[in-house]
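Okay, so here's the structure we're looking at.
One is the number of the first residue; the rest follow in order along the sequence.
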Amino acid sequence: MKKVLILNGPNLNLLGKREPGVYGRDSYEAVCGRIAARARELGMEPSFFQSNSEGALIDALHQAMDVYDGVVLNAGAYTHYSYAIRDAIAAIRLPVIEVHLSNIHAREEFRHTSVLAPVCRGQISGFGPVSYLLALQALAEEV
């Protein structure tokens with residue numbers, strides 16, 4: 001069974017409470033439950049990690065190299081400026097799918113640029129929690 005890390009960055013622990021008009025009304029736990037169910041349907045073993053700390057996300061990416069077959073990453077606001085996370089993605093040589101609940105290209109100008117996208121296998125945004133499910137499908141084709 002292929003192992004996949006679902007890695008979530010800042011403020012995703014507040015899903016359902018934080019700007020529900022943008023990020024939805026489902027709790028973080030409910031979203032993870034949907035992701036886990038779909039991963040198992042695809043023959044994958046999911047693990048979840050969420051942190052509001054850039055360093056913890058980088059550490060999780062480094063540790064993923066020897067454990068996982070792929071990563072689904074919602075780096076939150078770090079997407080737009082964290083060259084350190086970008087470098088970690090490039091270093092681990094695993095397929096990483098960047099996801100966003102909202103359509104980052106239809107929001108504020110600063111959200112239009114992802115410094116992570118060039119080192120990710122692909123980017124999926126704007127479909128709410130379904131963005132994660134689409135990323136799992138893409139990974140299932142990759143690994």
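The nearest pair of heavy atoms linking A75 to L116 is CB-CD1, 3.6 Å. Taking all atoms of both residues into account, the shortest heavy-atom contact from I89 to C120 is CD1-SG, 4.1 Å. For the pair V119 and A90, the tightest heavy-atom approach, listed with the atom from each and the gap, is CG1-CB, 4.0 Å. L61 and A88 make their closest contact through CD1-CB, 4.0 Å (heavy atoms, listed as atom of the first residue, atom of the second, distance). Closest of all the heavy-atom pairs between S102 and S125 is O-CB, 3.5 Å.
Screening residues 74-84 for salt bridge (charged side-chain N to carboxylate O under 4.0 Å, His left out), with sequence neighbours left out, gives no hits. Annotation: salt bridge (charged side-chain N to carboxylate O under 4.0 Å, His left out) contacts involving residues 64-76, sequence neighbours excluded, are absent. Among pairs with a residue in residues 58-79, those fulfilling ring pair (Phe, Tyr, Trp, His ring centres under 6.0 Å) read Y78-Y81, at least two apart in sequence or across chains. For residues 127-143, the salt bridge (charged side-chain N to carboxylate O under 4.0 Å, His left out) pairs, not counting sequence neighbours, are R121-E142. Sorted pairs that involve residues 88-100 and meet salt bridge (charged side-chain N to carboxylate O under 4.0 Å, His left out), not counting sequence neighbours, are lacking altogether.
Applying the 6.0 Å contact sphere to CZ of F49 captures more than 12 heavy atoms from other residues, nucleotides or ligands.
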Could you pull out every donor-acceptor pair under 3.5 Å between side chains of residues 5-14 and any protein atom, sequence neighbours left out?
residue, atom, partner, partner atom, Å
N8, OD1, Y132, OH, 2.5
N8, ND2, Y28, OH, 3.4
N13, OD1, Q50, NE2, 3.3

Distance-only check: which donor-acceptor pairs under 3.5 Å involve side-chain atoms of residues 29-45, not counting sequence neighbours?
residue, atom, partner, partner atom, Å
R38, NH1, E41, OE1, 2.9
R38, NH2, Q137, OE1, 2.8

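For D59, the side-chain contact (heavy atoms from CB on, under 4.5 Å) partners at least two apart in sequence or on another chain are Q63. Partners of V115 according to the side-chain contact (heavy atoms from CB on, under 4.5 Å) rule, which considers only residues two or more places apart in sequence or in another chain, are Y83. Applying the side-chain hydrogen bond (donor to acceptor under 3.5 Å, both in side chains) test to S82 and every residue at least two apart in sequence or in another chain returns E54.
The hydrophobic clustering, which links ILVMFWY residues whose side-chain heavy atoms are closer than 4.5 Å, places V67 and L139 apart. V130 and F48 fall within the same hydrophobic cluster, where Ile, Leu, Val, Met, Phe, Trp and Tyr residues are linked whenever their side-chain heavy atoms come under 4.5 Å apart, directly or through other members. Hydrophobic clustering (side-chain heavy atoms under 4.5 Å, transitive across Ile, Leu, Val, Met, Phe, Trp, Tyr) groups V71 together with I85.
M1 belongs to no multi-residue hydrophobic cluster, having no ILVMFWY side-chain contact under 4.5 Å with any other such residue.
Between L73 and I97, the closest side-chain pair of non-hydrogen atoms is not below 4.5 Å. Side-chain atoms of S47 and V4, non-hydrogen and from C-beta on, never get closer than 4.5 Å to each other.
With values rounded to the nearest 0.5 angstrom, N74 atom CG is found 11.5 Å from I124 atom CD1.
Between the H80 side chain and the S114 main chain, no donor and acceptor come within less than 3.5 Å of each other.
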